[in-house]
Student: 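Below is the structure I would like to discuss, written out as structure tokens.
When a residue number appears, it is its place in the shown sequence, counting from 1.
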Amino acid sequence: MRYLYKKRFLEAFDSLSVKDQALVREADREIRAYHDRQRAPVGLRIKKLLQAGDQAVYEARPSLALRMIWAESGSLAAFLLLGSHDEVRRLLRRL
């Protein structure tokens, strides 16, 4: 699996506190392990939000207030958004 981080995701990551950045790094490590083992860690709450053909959009929750959104297509996982529940809703409306 190849991983791509969109500019918007990276900018949101840079604006987080050091503590939240550590949570996101750990969540990223667990997501990569999930792709290797095909077994989701319980605490991360990975959920499929949308499916269209061979493309799917997923959500993970590193904390109660923070969500990570990524899209998978074939062997590519593109991290699109790092933000709040409301930001996720706005993104899903656009998709």
Side-chain angles (χ1 to χ4, degrees):
M1 181 74 68
R2 293 181 316 131
Y3 299 94
L4 174 72
Y5 298 87
K6 297 290 188 170
K7 182 179 178 182
R8 180 178 181 181
F9 183 92
L10 295 173
E11 288 172 350
F13 178 80
D14 289 339
S15 69
L16 294 176
S17 68
V18 173
K19 180 182 174 186
D20 285 342
Q21 285 181 354
L23 289 172
V24 171
R25 281 190 187 101
E26 178 63 21
D28 182 67
R29 188 184 64 72
E30 290 180 4
I31 290 167
R32 288 172 182 254
Y34 160 68
H35 286 117
D36 292 340
R37 296 187 306 245
Q38 290 301 311
R39 191 165 174 208
V42 176
L44 198 52
R45 297 182 186 105
I46 293 176
K47 179 172 40 169
K48 187 187 295 186
L49 300 176
L50 296 172
Q51 174 81 42
D54 69 337
Q55 298 178 348
V57 177
Y58 294 88
E59 173 189 59
R61 291 178 45 188
S63 71
L64 288 176
L66 209 58
R67 276 130 169 98
M68 297 171 65
I69 303 297
W70 73 95
E72 292 182 13
S73 179
S75 65
L76 176 68
F79 286 85
L80 307 173
L81 177 73
L82 177 62
S84 68
H85 177 71
D86 291 337
E87 291 172 302
V88 170
R89 258 193 306 179
R90 284 192 292 270
L91 174 72
L92 292 176
R93 281 189 205 137
R94 287 184 285 162
L95 297 177

Student: Calculate, to the nearest 0.5 Å, the distance between atoms CD and CZ belonging to Glu87 and Arg8 respectively.
Tutor: 6.5 Å

Student: Sub-3.5 Å donor-acceptor pair from the side chain of Ser17 to the main-chain atoms of Asp20, do we have one?
Tutor: yes

Student: Transitively linked via ILVMFWY side-chain contacts under 4.5 Å: Ile46 with Tyr5?
Tutor: yes

Student: Test of understanding: clusters of I, L, V, M, F, W, Y form through side-chain heavy atoms closer than 4.5 Å, transitively. Do Tyr3 and Leu76 belong to the same one?
Tutor: no

Student: Between Leu80 and Ala71, which heavy-atom pair has the shortest distance, and what is it?
Tutor: CD1-CB, 4.0 Å

Student: What is the minimum heavy-atom distance between Leu23 and Pro62, and which atoms define it?
Tutor: O-CB, 4.0 Å

Student: May I ask you to decide if the ring planes of His35 and Trp70 are parallel, tilted or perpendicular, using 30° and 60° as cut-offs?
Tutor: perpendicular

Student: Rounded to the nearest 0.5 Å, how far does CG of Leu64 lie from OG of Ser84?
Tutor: 13.0 Å

Student: One thing to verify: whether Glu26 and Arg29 come together as a salt bridge, which I'm taking to mean a side-chain N less than 4.0 angstrom from a carboxylate O.
Tutor: yes

Student: Roughly how far, to the nearest 0.5 Å, is CZ of Arg2 from OG of Ser75?
Tutor: 5.5 Å

Student: For a quick test of reading the model, state the closest non-hydrogen atom pair linking Met68 to Ala27 and the distance between them.
Tutor: SD-CB, 3.6 Å

Student: Going only through I, L, V, M, F, W and Y residues with side-chain contacts under 4.5 Å, is there a path from Val88 to Val57?
Tutor: yes

Student: Kindly work out whether a path of hydrophobic side-chain contacts (I/L/V/M/F/W/Y, heavy atoms less than 4.5 Å apart) joins Phe13 to Ile69.
Tutor: no

Student: Are Tyr58 and Leu91 connected, step by step, through hydrophobic side chains (Ile, Leu, Val, Met, Phe, Trp, Tyr) whose heavy atoms are closer than 4.5 Å?
Tutor: no

Student: Is any side-chain heavy atom of Leu82 closer than 4.5 Å to a side-chain heavy atom of Leu16?
Tutor: yes

Student: Determine, for Asp86 against Arg90, whether the closest basic-nitrogen to carboxylate-oxygen distance falls under 4.0 angstrom.
Tutor: no

Student: Evaluate Phe79 against Asp28 for side-chain contact (heavy atoms from CB on, under 4.5 Å), listing each step before the verdict.
Tutor: CA-CA 10 Å; Phe79 286 85; Asp28 182 67; 3.7 Å; yes

Student: How would you list all residue pairs meeting salt bridge (charged side-chain N to carboxylate O under 4.0 Å, His left out) that involve residues 60-78, not counting sequence neighbours?
Tutor: Glu59-Arg67

